[in-house]
Structure formats: C-alpha cells, structure tokens
Amino acid sequence: MIEIYSQKIDAYWFGIACDNHGIFASSFGVTQERVLTNISSYLPFNVPFQVFHEASAVAKNIIASLKSIYDGQEVSRNFPLVLTRFPAYTQKVLKATAQIPIGYLTTYGSIAKAVGGGPRAVGNIMATNPFAPIVPCHRVVKSDFGLGGYGGGLKVKIELLRKEKRGFLTPKKLEVGSNQLQVFPVEYTLRFLPCH
DNA sequence: TGCAAACCATAAC
DNA sequence: GTTATGGTTTGCA
C-alpha cells in the first residue's frame, strides 16, 4: 500500500507518496489539492494508495527535507527514489539531473549530450518530473541560459535558483555514467533577470 | 531577433 | 503501429 502524506510548512504544501520500498513521487505547491492531484497522477494506476491526514514520523522527516531543499539548503541524505517503473531513458535523465549540485545548473542539451537522446526528450522528462524538488529539474535551463519552463511556474523556478546562489564563478564537469555533464554557476541564468 | 526545420523519447490513440 | 506533443536547438535571413 502506497501512502500519501501532505503537510503545509510556511507558505507551501509539500507532499510525498511512499511505502517501505521508498518514494514513488513528491511534489510541492501553493495548494494542498494541487499537490495531491499532482502526486497521484504519478502513481502506477494499478497500485492501491491511501491519503493520510497525519504524516508518519518517516514521512514528516522527508517532508522537512523537501522544505529544506525549497529553502536552498544543502540536504545530505539519500532519498530512496523508486525509479524502476520508468523507462530506462527516463531513469538516466532523472539520475543525471539529480547530480547537479546546489549553486549550479545545466541545460537540456547538455543532459542530452551526456545521456544520449535529444534536448526535447529531456525537456519532456523534466516537465513530468515525479520527484520535485528532490530531482532538481529547476536547475535545467535553455542553451542560451534563458529560463526554459517549470511545472510550478517560472516564478518558483527563479525563486529556487536565487536561493541556491553560491557565488561560483566557473563551469565544471561532472561524471555521469561514462560521460561528462557540463554544469554552470546559477549566476549564468540569474544575470539575465531583473534585480538579480 | 525571429522563424523554420530537425530532433527524440513518451504517452495516447 | 502511428501520431501528437513538447520545459529544445541550431541555422539562416
């Protein structure tokens, strides 16, 4: 049985769907309804689930981490994401995205270069990211460092990136699989925005 | 700048 | 099987 929990912390609702294997989906947003429908849309249709009013200790803990991520803080914990139900390519893209460190971002095209496939395919996977904000799809932008899109609205994407500013100056390369993923300081995108 | 065409994995039919 | 759909990219005027 998959259990869904949601909880409001400050201005946002955070929610997760999990069982004892791990996390099936996570989400955050302004309204509880939005978060819950979003999460349930990512669940396998043939698996029963139940929405709980009170979060368990484990769930509360994970939700607290989601809030920390939203606040732009470093969260050093291993989230047990259940990825196996997704196509192999989708898994590769999600894993690569998960490796982007705070303070950096990359482009749809860079991910495509690192894991194969094309930029549009990567964009599609970002658009349906079941693990926001654990898999930081807000750290993926266009090749010209324009914002691209964001499920929760571009305002939120900007908000997150601003909080993640760490003052890094130069791009660097990450090892993903047998290839490399180029990442850039978030300032590369923020500098184009008003009042950065 | 702006536009058109190429690109590519998925999901929906 | 086929088609439609993008959170893209690149090239060219």
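Computed from a prediction, not measured in an experiment: that's the story for all the values here. Chain A is the first sequence line, chain B the second, and so forth, proteins listed ahead of strands; every chain is numbered from 1.
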Applying side-chain hydrogen bond (donor to acceptor under 3.5 Å, both in side chains), name anything that partners [X], two or more places apart in sequence or on another chain.
| X | answer |
| --- | --- |
| A/T107 | A/S110 |
| A/D19 | A/H21 |
| A/Q32 | A/S6 |

Q.
Pairs counted only when both distances fall under 3.5 Å, Watson-Crick or G-U: show me the 5' to 3' dot-bracket for DNA chain B, [ ] for pseudoknotted crossings and | for other-strand partners.
A. ||||||.||||||
Q | Opening and closing nucleotides of DNA chain B in contact with chain A, under 4.0 Å to non-hydrogen atoms | A | B/dA6 to B/dT10
Q | Contact residues, residues 106-138 of chain A to DNA chain B [heavy atom, < 4.0 Å] | A | A/G117, A/G118, A/R120, A/A121, A/N124
Q: Pull out every residue in residues 83-90 of chain A that has a heavy atom closer than 4.0 Å to any atom of DNA chain B, ordered by number, or say none.
A: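 Close to the strand are A/P87, A/Y89, A/T90.
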(Q) Categorize A/V93 for me: base, sugar-phosphate, or nothing, with a 4.0 angstrom heavy-atom threshold over every strand shown. (A) nothing
Q.
Strictly by side chain to side chain donor-acceptor pair (under 3.5 Å), give each pair with a member in residues 82-93 of chain A just once, sequence neighbours left out.
A. none
**Q.** Between A/Y70 and A/E159, a side-chain donor and acceptor under 3.5 Å
**A.** yes
Q: Could you check how far CG of A/L105 sits from P of C/dG7, rounded to whole Å?
A: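 Taking atom P of C/dG7 as the reference, CG of A/L105 is at 19 Å.
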Q.
Among residues at least two apart in sequence or on other chains, which ones pass salt bridge (Lys or Arg N to Asp or Glu O under 4.0 Å) with A/K173?
A.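 So A/K173 forms no salt bridge (Lys or Arg N to Asp or Glu O under 4.0 Å) with any residue.
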Q.
Tell me every residue that passes salt bridge (Lys or Arg N to Asp or Glu O under 4.0 Å) with A/E175, counting only those two or more places apart in sequence or in another chain.
A.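 With neighbours one apart ignored, the set is empty.
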**Q.** C/dT8 OP1/OP2 closer than 4.0 Å to side-chain N/O of A/S143
**A.**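 Result: no.
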Q | Mutual orientation of the aromatic rings belonging to A/Y188 and A/F145 [parallel < 30°, tilted 30-60°, perpendicular > 60°] | A |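 A/Y188 and A/F145: perpendicular rings.
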Q.
Quick test of your reading: applying salt bridge (Lys or Arg N to Asp or Glu O under 4.0 Å), list the pairs with at least one residue in residues 124-139 of chain A, sequence neighbours left out, ordered by first then second residue.
A. A/R139-A/E164
Q. Taking only residues at least two apart or on different chains, which pairs with a member in residues 101-128 of chain A satisfy ring-ring contact (aromatic ring centres under 6.0 Å, His included)?
A. A/Y104-A/F168
